[in-house]
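Some notes on the structure that comes next.
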Amino acid sequence: MRVLVTGGAGFIGSHVVESLRAHGHEPVVYDISDGPASDVRDPDAIRAALPGVDAVCHQAAMVGLGVDFSDAADYVSHNDLGTAVLLTAMAEAGVRRLVLAGSMVVYGEGRYSCEWHGVVRPGPRSVAALESGRFEPLCPVCGEDLSPGLVAEDAPVDPRNVYATTKLTQEHLAAAWARTTGGSAISLRYHNVYGPGMPRDTPYAGVASFFRSALARGESPRVYEDGHQRRDFVHVRDVASANVAALEANPTPGTLTAYNTGSGDPHTVGEMARALAAAYGGPDPVITGEFRLGDVRHITADSSRLRAELGWKAEVGFEEGMREFARAEMRSA
């Protein structure tokens, strides 16, 4: 299969390219790092890249929470306009298979249950609560403590920041494209991806990158809130193999199917910081109590659907992955 990989020179995209080659496919790298002529927002450029292509693996995106709301136009331009231009060109070229780099951020907060009221959906955490160190969401009915759980793909979506909103919009655009063209689309809702080649020293990188960059400078990783927020840290090679599994699948035409893509082994951010610092041999993490308003408290999802339907499973364990990442090369951007 000849596969156009947008963002194919990036952190995740480069691993997808490597995995595609290892499985006998022909990846075609399309990446803005090659210059403006490889921007997915350029209709002529993307049209020129599609002849002879059997499928598109769309990894190109502006990622991370960003700095503040002033980034909104850039996020919408890169993620949503770029996806719309790409899908339009695919419709014209007759390319009918898409795998999209989705994200678990579309859910907002994860799944919570109250002892008295069952499954509930807490609203965004208030500034006052966060400033006072009350990080855990409370039951919106009775105000009591909640127990976090796993989120399934059929959970209501509730994006809590600009990046999350653009990732959900990408899915809606892909679903509309699939219905209109009879194409098939799969969105892999990535969890917290880490591993070799992760970008360093950028406000748009993930938390694992922030911690690894601090250690490389001889500094302690700075952990926001109290460090007990739960995430699913999934290795980039596992994410790459999930993309290959999705490209080789036979989804129903005219639809978009979403799959949670995580390791299935949740850990707290504090645990990750301590494991990485220990593996690196650097200073212990510092719990700062600071917060970012767009962050959610707990988000871990159930990836059993991806395992059951596409035969994929994560292979890199948490401790093994952190030991490797502690010594891995990182990219400058």
Side-chain angles (χ1 to χ4, degrees), residues 11-12 63-67 103-105 109-110 125 129-137 148 150-151 160-161 163-164 190-239 261-301 303 314 316-333:
F11 166 46
I12 297 175
V63 300
L65 187 59
V67 179
S103 176
M104 53 81 186
V105 295
E109 285 285 356
R125 298 177 294 170
L130 293 168
E131 287 180 340
S132 66
R134 291 184 285 116
F135 302 122
E136 293 289 345
L150 300 180
V151 180
R160 298 285 177 92
N161 55 60
Y163 170 64
Y190 300 161
H191 278 254
N192 290 68
V193 186
Y194 74 96
M198 200 171 191
R200 64 173 181 266
D201 298 324
T202 165
Y204 301 95
V207 66
S209 173
F210 296 156
F211 294 165
R212 175 66 170 73
S213 296
L215 289 165
R217 296 191 300 268
E219 301 171 1
S220 294
R222 294 177 59 82
V223 181
Y224 280 9
E225 301 186 17
D226 58 5
H228 294 292
Q229 54 271 49
R230 295 171 74 245
R231 298 290 188 270
D232 185 326
F233 299 99
V234 58
H235 196 278
V236 66
R237 287 197 298 274
D238 287 329
V239 168
T261 308
S263 71
D265 182 26
H267 290 268
T268 69
V269 173
E271 286 173 337
M272 188 271 282
R274 289 190 293 272
L276 189 57
Y280 191 87
D284 291 336
V286 173
I287 306 299
T288 69
E290 297 173 300
F291 62 88
R292 299 190 303 179
L293 193 58
D295 281 340
V296 297
R297 179 60 175 174
H298 304 294
I299 176 64
T300 55
S303 299
V316 182
F318 178 76
E319 296 294 340
E320 173 193 354
M322 289 299 154
R323 286 194 299 270
E324 179 196 28
F325 183 49
R327 296 299 173 187
E329 291 291 328
M330 299 180 74
R331 63 179 63 216
S332 59

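When reading the values below, keep in mind they use all heavy atoms of this one structure, side chains included, and skip hydrogens, waters and symmetry mates.
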Original post:
Which residues pass the side-chain contact (heavy atoms from CB on, under 4.5 Å) test with Ala214, sequence neighbours left out?
Top reply: Arg217, Glu219
Subject >> Any Pro283 side-chain heavy atom under 4.5 Å of Leu215 side chain >> reply: yes
Original post:
Hey, mind stepping through Leu130 and Phe135 against side-chain contact (heavy atoms from CB on, under 4.5 Å) and telling me if it holds?
Top reply: CA-CA 6 Å; Leu130 293 168; Phe135 302 122; 3.8 Å; yes
Subject >> Side chain proximity check, Thr261 to His191, heavy atoms < 4.5 angstrom >> reply: no
**OP:** Look at the side chain of Gln229 and the backbone N and O of Gly227, then say whether any donor-acceptor pair between them is shorter than 3.5 Å.
**Re:** yes
Original post:
Does the side-chain contact (heavy atoms from CB on, under 4.5 Å) test come out yes or no for Phe325 and Leu276, once each step is laid out?
Top reply: CA-CA 8 Å; Phe325 183 49; Leu276 189 57; 3.7 Å; yes
Original post:
Minimum heavy-atom separation for His228 to Thr268, with atom names?
Top reply: O-CG2, 3.6 Å
Original post:
Do any N or O atoms from the side chain of Thr288 and from the backbone of Val223 form a donor-acceptor pair under 3.5 angstrom?
Top reply: yes
Original post:
With a 4.5 Å limit on heavy-atom distance, are the side chains of Phe211 and Val269 in contact?
Top reply: yes
**OP:** Considering non-hydrogen atoms only, spot the tightest contact between Glu225 and Phe291 and give its length.
**Re:** CG-CB, 4.2 Å
Original post:
Does any non-hydrogen side-chain atom of Arg200 lie less than 4.5 Å from one of Ser332?
Top reply: yes
Subject >> From CA spacing to verdict: side-chain contact (heavy atoms from CB on, under 4.5 Å), Val193, Met198 >> reply: CA-CA 9 Å; Val193 186; Met198 200 171 191; over 6 Å; no
**OP:** Spell out, as yes or no, whether a donor-acceptor pair under 3.5 Å connects the side chain of Thr300 to the backbone of Leu150.
**Re:** no
Subject >> Close side-chain approach of Arg222 to Phe210, heavy-atom, < 4.5 Å >> reply: no
Original post:
side-chain contact (heavy atoms from CB on, under 4.5 Å) with Ala216: which residues, sequence neighbours excluded?
Top reply: Arg212, Tyr280
Subject >> CZ on Arg160 to CG on Leu293, rounded to 0.5 Å >> reply: 10.5 Å
Subject >> Considering all heavy atoms, the nearest Arg327-Ala279 contact >> reply: NH2-O, 4.0 Å
Subject >> Under 3.5 Å donor-acceptor, Asp232 side chain and Ser263 backbone >> reply: yes
Original post:
Using 30° and 60° as the class limits, which term best fits the ring planes of Phe318 and His267: parallel, tilted or perpendicular?
Top reply: parallel
**OP:** Would you indicate whether Glu329, at its atom CD, is surrounded by more than 12 heavy atoms from other residues, nucleotides or ligands within a distance under 6.0 Å?
**Re:** no
**OP:** Would you sort out whether Glu109 and Arg297 count as a salt bridge (charged side-chain N to carboxylate O under 4.0 Å, His left out), showing the intermediate values?
**Re:** CA-CA 7 Å; Glu109 285 285 356; Arg297 179 60 175 174; over 6 Å; no
Subject >> side-chain contact (heavy atoms from CB on, under 4.5 Å) assessment of Val316 paired with Arg237 >> reply: CA-CA 8 Å; Val316 182; Arg237 287 197 298 274; 4.1 Å; yes
Subject >> Validation row: Met272, Val207 side chains within 4.5 angstrom (heavy atoms) >> reply: yes
Subject >> Those residues that, when tested against His298, pass ring-ring contact (aromatic ring centres under 6.0 Å, His included) (two or more places apart) >> reply: none
**OP:** Return yes if some donor-acceptor pair links the side-chain N/O of Arg331 with the main-chain N/O of Gly197 below 3.5 Å, else return no.
**Re:** yes
Original post:
Roughly how far, to the nearest 0.5 Å, is the CZ atom of Arg231 from the CD atom of Glu271?
Top reply: 13.0 Å
Subject >> Close side-chain approach of Ser209 to Phe11, heavy-atom, < 4.5 Å >> reply: no
Original post:
Would you say the side chain of His235 lies within less than 4.5 Å of the side chain of Pro196, judging by non-hydrogen atoms?
Top reply: yes
Subject >> For Ala205 against Pro199, the heavy-atom pair lying closest together >> reply: CB-O, 3.9 Å
